[in-house]
J.: 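This structure is in C-alpha cells; I'll ask about it shortly.
This one's a predicted model, so the numbers in the text were calculated from it and none came from an experiment. Atoms within a ligand are numbered from 1 in the order they appear, just like the ligands themselves. Values below: every heavy atom of this structure, side chains too, minus hydrogens, waters and symmetry copies.
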Amino acid sequence: MQIIDGKLISNQIKEEIAEEVKKYVNSGKRPPHLAVIIVGDDGGSQTYVQNKIKACEAVGFKSTHIELPDDTNEEFLLKKVDEFNKDENLDGFIVQLPLPKHISEQKIIEAINPAKDVDGFHPVNIGKMTIGLDGFVPATPLGITELIKRYKIETSGKNVVILGRSNIVGRPISILLSQKNEFGNATVTVCHSRTPNLKDITRQADIIVAAIGIPEFIKADMVKEGVVIIDVGTTRVKSEETKSGWKLKGDVNYEEVAPLSSYITPVPGGVGPMTIASLMQNTLKAYKMNI
Ligand code: GUN
C-alpha cells in the first residue's frame, strides 16, 4: 500500500509555479493576480479561502480577498463580478461556494468571464473540458488527474467507479478519466444516491473516486484487493482530540480500507491540498493568456 501524498505533490507544484512567477517578475512583468470573493461566514469556506490566499503568497501571486456579509444581495454580487470581469490587472477570480440561499449560484457562475473563471465552473469551460478543448478544468478534478500522473497510476482500460455526481467533482472527473488522454481511457461508472447494489459495483473497481460527503462510507467489504482509492470527502466532524474541536473525515474508512489498497489518498493531506495547487495552476494559465 502506498499513500498518495497530496501535500508533498501540491508543494512541488507550488514551487514550480513560484519559479515561473519569479522569471516573469524578474523580466519586469507584474505578478499574477487572483481575487477571491466570499459571502457570509460559513466556517469551512472561511478556512478554504484563507488557505487559498496563503497559497497565493507562497507562489508570489498578488491576491485580493473580498468578504461580503451574509445579507449581500444578488445584484450587488453581480456588480462585483462585473467589476472584476473588467479589471485588466486581475487575471482570475472565484466566488467561494456555497452562497447564501437567496443568491443563485448558477447566475453568479454564468456572469463570470470564462477567461477569468479559474474555478472552471462556467458552462463554457465545462463544455470545453467535455469535448477535450483547452480551458479551465475545475480544481479538484484537475488535482486528481495531477496525482494520477505524478504517481504514474495506470488508468487505461481500468474500471473506475465514481461515487457522487456533483458539478464540481463527480461529473467532471468522470468525463476526464474516460477521455482519450494520458490519465484517461478508463471505463467509468458514476454511482449516486439512487444506485442499487452499490457494493456489487464498487467491488469491481480498480479505482474508486469517492465524492459523496458521507464520512467513512466506504468500508472494507465494498472494495477489492489492490484498489486505488481517491478520497475527496472532507466532512468536519466533532472531535475532542483537536484544539479546534473538529477534524476532517474522508468518505472512506481509512483504517479498514488502506490495508487492502494499492494506493490511497489520506484525509487530510490527500486531494485537499491539490485543489489549492490546481487553483494556482489555473491562475498562472489565466495570467499567461492575459499578459
Ligand atoms: N466550494 C467548495 N469547493 C470549491 C471550489 O473549488 N471553488 C469554489 N469557488 N467554491 C468551492
J.: Any heavy atom of Tyr48 sitting closer than 4.0 Å to ligand 1?
T.: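 Contact absent.
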
J.: Quick one: look at Ile168 and ligand 1, take heavy-atom pairs under 4.0 Å, and tell me if it's side chain, backbone, both or neither.
T.: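 Under 4.0 Å from ligand 1, Ile168 contributes no heavy atoms.
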
J.: Tell me the protein heavy atom at minimum distance from atom 10 (N) of ligand 1, and give that distance in Å.
T.: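 Sorting protein heavy atoms by distance from atom 10 (N) of ligand 1 puts Leu97 N, 2.9 Å first.
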
J.: Pick from Lys86, Lys80, Lys79: which one makes a salt bridge (charged side-chain N to carboxylate O under 4.0 Å, His left out) with Asp82?
T.: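 Option passing the salt bridge (charged side-chain N to carboxylate O under 4.0 Å, His left out) with Asp82: Lys86.
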
J.: How close does the nearest protein non-hydrogen atom get to atom 9 (N) of ligand 1, and which residue and atom is it?
T.: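 Answer, as residue, atom name and distance: Asp119 OD2, 2.6 Å.
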
J.: Centre-to-centre under 6.0 Å for Tyr24 and Tyr287, is that the case here?
T.: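 Tyr24 vs Tyr287: aromatic centres under 6.0 Å.
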
J.: Tell me which protein heavy atom sits closest to atom 3 (N) of ligand 1, plus the residue, atom name and distance to 0.1 Å.
T.: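 For this ligand atom, the closest protein heavy atom is Gln96 NE2, 4.4 Å.
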
J.: Is the closest basic N to carboxylate O distance between Asp91 and Arg30 below 4.0 Å?
T.: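 Salt bridge between Asp91 and Arg30, a charged N being under 4.0 Å from a carboxylate O: yes.
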
J.: Are Glu154 and Val228 packed together at the side-chain level, in the sense that at least one heavy-atom pair is separated by less than 4.5 angstrom?
T.: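 Glu154 vs Val228: side chains apart.
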
J.: Phe121 versus ligand 1: do any nitrogen or oxygen atoms come within less than 3.5 Å of each other?
T.: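 No, no N or O pair falls under 3.5 Å.
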
J.: Side-chain contact test, heavy atoms from C-beta onward, threshold under 4.5 Å: evaluate it for Asp231 versus Val271 and give yes or no.
T.: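 Heavy-atom side-chain distance check fails, nothing below 4.5 Å.
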
